[in-house]
Amino acid sequence: MNDTPSVAEQFGGDAARRLEAMYLTPDIVAQRAAVLDRLRLQLGERVLDIGSGPGLLAASMAEQVGARGEIRGVDVSDTMVGLATARCSAFGWAGFQVADATSLPFADDSFDVVACTQVLEYVPDVEGAIAELRRVLRPGGRALIMDTDWQSCLWASSDDARMRRMLEVWDTHCAQPRLPRLLCGLLGRGGLEVRRVSTLPLINLAWSADTYSHGIAHAIAAFVGKSGLVPALMAEQWLEDFWVLAGTRNRYFFSLDRFMFET
Ligand SMILES: C[S@@+](CC[C@H](N)C(=O)[O-])C[C@H]1O[C@@H](n2cnc3c(N)ncnc32)[C@H](O)[C@@H]1O
């Protein structure tokens with residue numbers, strides 16, 4: 001039996017708060033800084049954040065565009081919209097609402113900039129989402145899209161076959177597990193010219209609670225453990241292995257690439 005949770009389940013309730021904690025680790029703080037660096041926001045710009053999650057990127061963007069600018073965020077999870085609204089309450093020019101990336105509640109050409117980080121990989125109708133992104137972006141506006149391909153993951157393990165199986169099942173947590181290698185073509189066919197593609201590596205050399213890989217390992221173990229696709233103990237033993245590798249042999253190693261597309 002494969003009980004893949006819906007996107008709303010994956011990003012609602014306590015899962016939203018766990019993701020928020022993971023997105024506050026230094027690894028993801030640095031990732032956001034890299035995204036902001038590439039966005040080069042100007043005072044007064046109107047920005048849309050598609051799949052705005054807990055609003056951490058939106059809060060930084062609100063500071064950068066200032067009160068004469070505008071930040072709008074949409075997300076399918078109402079818990080995420082609540083977290084983002086609370087986080088940005090000091091910025092009267094930032095607002096969030098529940099909406100799907102494939103049906104944006106905005107007029108054509110509404111935004112100077114659109115950001116969509118770690119979201120399109122969860123959208124089954126990715127062409128529809130790209131069409132909507134382009135529709136609301138003004139001619140000459142800028143978009144930044146970031147996604148992950150877990151085949152870029154290098155993760156030390158005492159059992160390579162088990163690691164492969166865990167990541168194979170984890171691939172089923174999203175609709176588009178290989179999206180980065182398809183995105184240039186999809187964006188181009190959607191009328192968005194890709195000007196730059198870059199990678200952003202996340203590297204952890206320690207098994208420690210304030211790292212991205214510690215947080216995502218627990219999310220993977222919970223997801224795969226509940227999937228019914230592997231023996232019940234496999235996920236637990238896989239997780240335990242990181243502690244053993246790090247503690248007894250100083251052999252913990254994790255690396256994963258994010259891919260950023262700028263139009
Ligand atoms: C991994 S989080 C990334 C959050 C945020 N963009 C960031 O980078 O900090 C993915 C977010 O996308 C949202 N999401 C997934 N599918 C969506 C869709 N079809 N439309 C809008 N939001 C979606 C989820 O609810 C979740 O908040």
Side-chain angles (χ1 to χ4, degrees), residues 10 15 18-39 51 53-54 56-57 115-122 144-184 194 196-225 227 230 234-262:
Q10 279 190 65
R18 283 194 295 274
L19 182 131
E20 181 181 44
M22 190 163 62
Y23 274 40
L24 285 165
T25 58
D27 296 318
I28 307 299
V29 170
Q31 172 184 296
R32 269 194 303 284
V35 167
L36 288 166
D37 185 51
R38 294 308 311 165
L39 282 173
L56 290 155
L57 180 64
C116 187
T117 59
Q118 292 299 124
V119 178
L120 286 187
E121 63 203 57
Y122 295 100
L144 187 152
I145 294 125
M146 185 171 74
D147 282 284
T148 302
D149 180 336
W150 277 86
Q151 277 194 344
S152 71
C153 180
L154 306 175
W155 212 341
S157 172
S158 312
D159 182 338
D160 288 343
R162 181 177 61 197
M163 174 63 81
R164 271 195 303 280
R165 183 66 188 135
M166 289 293 294
L167 293 182
E168 230 168 58
V169 177
W170 175 240
D171 268 349
T172 67
H173 86 289
C174 69
Q176 315 282 352
R178 303 284 171 264
L179 188 57
R181 62 189 78 174
L182 306 175
L183 258 181
C184 277
V194 176
R196 185 176 195 269
V197 181
S198 50
T199 52
L200 193 75
L202 292 169
I203 297 179
N204 293 150
L205 304 177
W207 178 239
S208 146
D210 66 345
T211 59
Y212 170 77
S213 66
H214 190 276
I216 202 70
H218 284 80
I220 293 172
F223 177 90
V224 177
S227 71
V230 300
M234 184 189 272
E236 264 176 55
Q237 289 170 341
W238 173 81
L239 196 56
E240 177 81 8
D241 187 41
F242 296 129
W243 187 83
V244 174
L245 280 178
T248 59
R249 287 187 268 159
N250 192 19
R251 252 196 57 198
Y252 187 74
F253 182 90
F254 170 87
S255 169
L256 178 72
D257 288 338
R258 307 292 206 199
F259 294 82
M260 274 197 285
F261 298 79
E262 296 169 56

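Counting only heavy atoms from C-beta outward, the side chains of D147 and F259 never approach each other to under 4.5 Å. With contacts defined as side-chain heavy-atom distances shorter than 4.5 Å, the pair S255/F253 qualifies. Here the side chains of Q118 and Y23 are in contact, with some heavy-atom distance below 4.5 Å. Side-chain contact between I216 and W170 is present, with heavy atoms from C-beta onward closer than 4.5 Å. When side chains are defined from C-beta on, S227 does not count as touching T172, because their heavy atoms never get closer than 4.5 Å.
Of the possible donor and acceptor atoms, one in the side chain of Q10 sits under 3.5 Å from a partner among the backbone N and O of H173. Here the side chain of D241 pairs a donor or acceptor atom with the backbone of S158 at under 3.5 angstrom. N204 places a side-chain N or O within 3.5 Å of a backbone atom of S213 that can act as its donor or acceptor partner.
Of all the heavy atoms in E121 and C174, the pair that sits closest is O-CB, 3.4 Å. Closest of all the heavy-atom pairs between A221 and W238 is N-CZ3, 4.0 Å. Minimum interatomic distance between F254 and C153 (heavy atoms only, all atoms of both residues): CE1-SG, 3.9 Å. In terms of heavy atoms, A156 sits closest to F242 at O-CE2, 3.7 Å.
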Run the side-chain contact (heavy atoms from CB on, under 4.5 Å) test on L120 and Q176 for me, step by step, so that the C-alpha distance in whole Å, both residues' side-chain angles and the decisive distance to 0.1 Å come before the verdict. CA-CA 8 Å; L120 286 187; Q176 315 282 352; over 6 Å; no

For I220 and W150, what are the C-alpha separation, side-chain angles and deciding distance, and is it a side-chain contact (heavy atoms from CB on, under 4.5 Å)? CA-CA 12 Å; I220 293 172; W150 277 86; 4.0 Å; yes

Determine whether Y212 and L256 satisfy the following criterion, side-chain contact (heavy atoms from CB on, under 4.5 Å), listing intermediate values before the conclusion. CA-CA 10 Å; Y212 170 77; L256 178 72; 3.9 Å; yes

Take R181 and Q151 through the test side-chain contact (heavy atoms from CB on, under 4.5 Å) and record every step on the way to the result. CA-CA 11 Å; R181 62 189 78 174; Q151 277 194 344; 3.0 Å; yes

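In terms of the side chain to side chain donor-acceptor pair (under 3.5 Å) criterion, W207 has no residue partners (sequence neighbours excluded). When the side chain to side chain contact (heavy atoms under 4.5 Å, CB included) test is applied to E236, the partners found at least two apart in sequence or on another chain are L233. R258 meets the side chain to side chain donor-acceptor pair (under 3.5 Å) test with Q31, T148; sequence neighbours excluded. Taking the side chain to side chain donor-acceptor pair (under 3.5 Å) definition, one finds that S208 meets it with D210, sequence neighbours left out. Legend: residues meeting side chain to side chain donor-acceptor pair (under 3.5 Å) with S198, ordered by chain and number and at least two apart, are R196.
Here the CG atom belonging to L36 is positioned 5.5 Å from the CG atom belonging to L57, to the nearest 0.5 angstrom. To the nearest 0.5 Å, atoms CE (M146) and CG (L179) are separated by 12.5 Å. Once rounded to the nearest 0.5 Å, the distance linking CE of M22 with CG of D27 reads 10.5 Å. Of the inter-residue distances, the one linking M166 atom CE with F223 atom CZ reads 10.0 Å to the nearest 0.5 angstrom.
Checking D257 against S152 by side-chain atom types alone, no donor-acceptor pair falls below 3.5 Å.
Counting only residues at least two apart or on different chains, the salt bridge (charged side-chain N to carboxylate O under 4.0 Å, His left out) pairs with a member in residues 164-179 are D149-R178, R165-E168, D171-R178.
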